[in-house]
Chemist: 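Pasting a structure here, questions to come.
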Amino acid sequence: MRRRTAVALLDPINPLGEVAVDVLVCGPAASGRCPPRKALRTADRLPFTVVVDREDDVRYARTMLAAHHPSAGRVVVHPTVGGGDRLLWHDVLHAVADGRPPRAPSPAARGSAPAQECSVRAALKAAVVRQLTVLRAHRIGMGVWADLVALHRTTGTDVIVVHHAELSVDLVHLLRHCDHRILTTRAAVQAMHPPAGTSGESWADKRHR
């Protein structure tokens, strides 16, 4: 009797490209069996960056917000408080537009998740956003974290997420499935977020020569 292959089991089940097999053999309790980060590395790119602000130090947020400079390719997003995951993409569009009405399609405000993400991708590309920083990332769901990882890997925008607390076990597991780095110092945050209006090239400009 010929053995049948369960092809459907190999279909990706989330934006990170994980398949059902991964979920069965790799989880927080068995993270030692997770695939190595280098297997998902994107060549010639900075890794997905996570800033861990364990003490929720307001100076971290102030430094990053002061670097918001869309015309220089740097966008910093402070998600709507209590808005839930659904509003994050709309917040990104407004930050890219820098207070002006977003030019991206309106479904980002009220459409399906894929339509919202598509609008964000179009806006980032049109505005040539090279660095996107998302604050208060400890308030967003795992699905959006995975979407942000995918955004980093599949666009020309370097994504930085700021987690104002200790990383959860589930987040540590998710990060094992992507090439990432974790920053914890203000000096590192300041190096990546020069104040808007400073003379000379920005960090993002130099990074993408």
Side-chain angles (χ1 to χ4, degrees), residues 11-19 40-51 61 64-164 170-171 174-175 177-180 192-193 196 202-205 207-208:
D11 292 335
I13 62 175
N14 64 33
L16 294 182
E18 286 184 313
V19 295
L40 296 174
R41 187 180 300 276
T42 303
D44 301 321
R45 289 286 308 284
L46 285 177
F48 181 74
T49 301
V50 181
V51 174
M64 288 178 272
L65 286 170
H68 179 65
H69 195 355
S71 62
R74 297 194 308 271
V75 170
V76 181
V77 180
H78 192 294
T80 301
V81 176
D85 292 343
R86 186 170 175 274
L87 290 180
L88 176 61
W89 300 128
H90 196 227
D91 291 334
V92 172
L93 288 179
H94 277 287
V96 171
D98 200 25
R100 298 183 299 277
R103 295 182 181 178
S106 60
R110 61 179 184 275
S112 64
Q116 294 177 21
E117 187 175 350
C118 182
S119 296
V120 167
R121 288 173 178 272
L124 293 176
K125 182 177 180 179
V128 196
V129 175
R130 297 167 175 172
Q131 178 179 294
L132 172 66
T133 300
V134 179
L135 300 171
R136 318 309 293 174
H138 61 296
R139 294 178 176 268
I140 62 179
M142 291 288 291
V144 177
W145 271 79
D147 290 341
L148 289 171
V149 171
L151 192 73
H152 174 87
R153 292 183 61 207
T154 58
T155 69
T157 301
D158 290 333
V159 178
I160 303 167
V161 293
V162 189
H163 193 276
H164 302 272
D170 287 338
L171 277 177
L174 182 145
L175 291 172
H177 286 262
C178 70
D179 184 26
H180 73 282
M192 296 185 66
H193 296 86
S202 68
W203 172 89
D205 293 330
R207 160 69 183 81
H208 287 270

Chemist: Have a look at Glu117 and tell me which of Leu148, Asp147, Val92, Val144 forms a side-chain contact (heavy atoms from CB on, under 4.5 Å) with it.
Modeler: Asp147
Chemist: Measuring from atom NE2 of His152 to atom CG of Asp158, what distance do you get when rounded to the nearest 0.5 angstrom?
Modeler: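 Answer rounded to 0.5 Å: 5.5 Å.
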Chemist: Give, for atom CD of Gln131 and atom NE2 of His69, the distance between the pair rounded to the nearest 0.5 Å.
Modeler: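 Nearest 0.5 Å value for the CD-NE2 distance: 12.5 Å.
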Chemist: Sequence neighbours excluded, which residues qualify as ring pair (Phe, Tyr, Trp, His ring centres under 6.0 Å) partners of His164?
Modeler: His138
Chemist: Please check this pair: side chain of Thr49 against backbone of Pro47, looking for a donor-acceptor N/O pair closer than 3.5 Å.
Modeler: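 Yes: the side chain of Thr49 pairs with the backbone of Pro47.
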Chemist: Could you grab the distance from atom CG of Leu174 to atom CH2 of Trp145, nearest 0.5 Å is fine?
Modeler: 8.0 Å
Chemist: Considering all heavy atoms of both residues, which atom of Val162 and which atom of Met64 are nearest to each other, and what is their separation?
Modeler: CG2-SD, 3.5 Å
Chemist: For a side-chain contact (heavy atoms from CB on, under 4.5 Å) with His163, tell me which candidate from Leu171, Val51, Ile140 qualifies.
Modeler: Leu171
Chemist: Grab the two heavy atoms, one from Val76 and one from Ala95, that are nearest each other, plus how far apart they are.
Modeler: O-CB, 3.9 Å
Chemist: May I ask you to test the Arg136-His78 pair for a side-chain heavy-atom distance under 4.5 Å?
Modeler: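 In short, these two side chains touch, coming nearer than 4.5 Å.
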Chemist: As an exercise, state the distance from CG of Leu124 to OG1 of Thr157, rounded to the nearest 0.5 Å.
Modeler: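 It comes to 4.5 Å.
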Chemist: Hey, could you give me the CG/CG distance between Leu135 and Asp91, rounded to the nearest 0.5 Å?
Modeler: 11.0 Å
Chemist: Taking side-chain hydrogen bond (donor to acceptor under 3.5 Å, both in side chains) as the test, write out the residues that go with Thr154, two or more places apart.
Modeler: Arg121
Chemist: Pick from Leu65, Val96, Thr133, Leu132: which one makes a side-chain contact (heavy atoms from CB on, under 4.5 Å) with Val77?
Modeler: Leu132
Chemist: Measure the CZ-CG distance between Arg139 and Leu88 for me, rounded to the nearest 0.5 Å.
Modeler: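 Those atoms lie 13.5 Å apart.
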